[in-house]
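Worth saying up front: this structure is predicted, and the values here are computed from it rather than measured. Along the sequence shown, the residues carry numbers beginning at 1.
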Amino acid sequence: MLYFDAIQLLNSGDYEGFDKALVISDKKLKKYKNTEAYRLRAIILSNHAIMQQVFNNEQKAIKIIIQDAIPIALKSKDNELVGNLYKSLGIIFMNYPARKKANVYLSEAMIYLEKANQNSPTFKENFVETLVVHSENLIELEKYSLANFYLENAYQILKNYPKSNLNSIYYYSKGLYFHKKMNIKKPYCVSKTEFKTPCCIMAFSLSLG
C-alpha cells in the first residue's frame, strides 16, 4: 500500500516525497467507509500535519488537524487517536506560546485518553506523555496543584519503567515545577525535549521499555 511504501521515503530523508505520498494515500482511502479506514486516514492526516510543522507551516498543520484529522478520527471511534490529535494541537500552541489555548486542547486530550482502551499496546506511553506535557503547560499557567497531580499520576506509571525515554520529559516538568513553585534559581531538570521533529510521526510509538 502506498502509505506503508511512503515510510521508506521518510527513512531516506525525503520529507517532501513522504508528504506527497501521504496526500495521495488519503485520497485513495476516501472511498472506504469503515472504522479501520477512518483510523488509517486520521493517522495519515496527522503525519501530514507533522510534516507541515517540519516545513515551518504551523498554521496549515493546525488547519489539517482541526478540519480534517480530528473529524475523521472521531468516525474511527478510537479515543486514543483522538486524544493524541488534541495533544498535538496543544503542543503546537505551547510552542507559540499560547498557553491558554494549549490548555484547552490538552484538557480535551485528557478527556479522550481517559475514555480510551487501556489495553492498547500504546496507551500507557501516550497517556504518560500527555500527562507530562499537560503538566508543563499548567506549570507555566501557574496552576501548580493540578500540574503536580498529573505529574504524580505519570510517576506512578513511569516508576515501573526506569529506562523509558519518557523519563526525560517527566524530570524536565518536575524540575520546572519545583523551580516555579519554590523559586529555585536553577532547576535540576534535563533539557527540554523538542516535540516537533520527524521522530514524532504517528505509528512510531515512544517506548516504555
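- The shortest side-chain heavy-atom distance between L9 and K20 does not fall under the 4.5 Å cut-off.
- Across every non-hydrogen atom of A61 and A49, the tightest pair is CB-O, 3.3 Å.
- Taking the centre of each ring, Y96 and F93 come in below the 6.0 Å mark.
- Looking only at atom types and distance, the side chain of N79 has no donor-acceptor partner in the side chain of E114 under 3.5 Å away.
- Side-chain atoms of Y86 and L106, non-hydrogen and from C-beta on, never get closer than 4.5 Å to each other.
- The two residues I92 and Q53 make their nearest non-hydrogen contact at CG1-NE2, 3.3 Å.
- With a 4.5 Å cut-off on side-chain heavy atoms, E140 and L176 count as touching.
- Counting heavy atoms from C-beta outward, E108 and L89 have side chains that stay 4.5 Å or more apart.
- Partner of N148 under the side chain to side chain donor-acceptor pair (under 3.5 Å) criterion, chosen from K174, K143, K181: K174.
- Using a 4.5 Å cut-off on side-chain heavy atoms (C-beta onward), M94 and R99 make contact.
- M110 is listed as a side-chain neighbour of F127, based on a closest heavy-atom distance under 4.5 Å.
- To the nearest 0.5 Å, the span separating CD1 on I72 from CD1 on I70 amounts to 11.5 Å.
- Contact detail for F149 and N153: the closest heavy-atom pair is O-ND2, 2.8 Å.
- Side-chain atoms of N103 and K100 form no donor-acceptor pair, as typed in the model, at a separation below 3.5 Å.
- Applying the 6.0 Å contact sphere to CZ of F55 captures more than 12 heavy atoms from other residues, nucleotides or ligands.
- Between K30 and K33, the shortest heavy-atom contact is O-NZ, 3.0 Å.
- Contact check for I43 versus N47: side-chain heavy atoms found under the 4.5 Å cut-off.
- Taking 4.5 Å as the limit, some side-chain heavy atom of L81 sits within range of a side-chain heavy atom of S76.
- Side-chain atoms of S25 come within 3.5 Å of backbone atoms of A21 as a donor-acceptor pair (strictly under, hydrogens ignored).
- Y112 carries K115 over the face of its six-membered ring, with the cationic atom under 6.0 Å from the centre and within 45° of the normal.
- Note: L40 CG to D78 CG = 12.0 Å, rounded to the nearest 0.5 Å.
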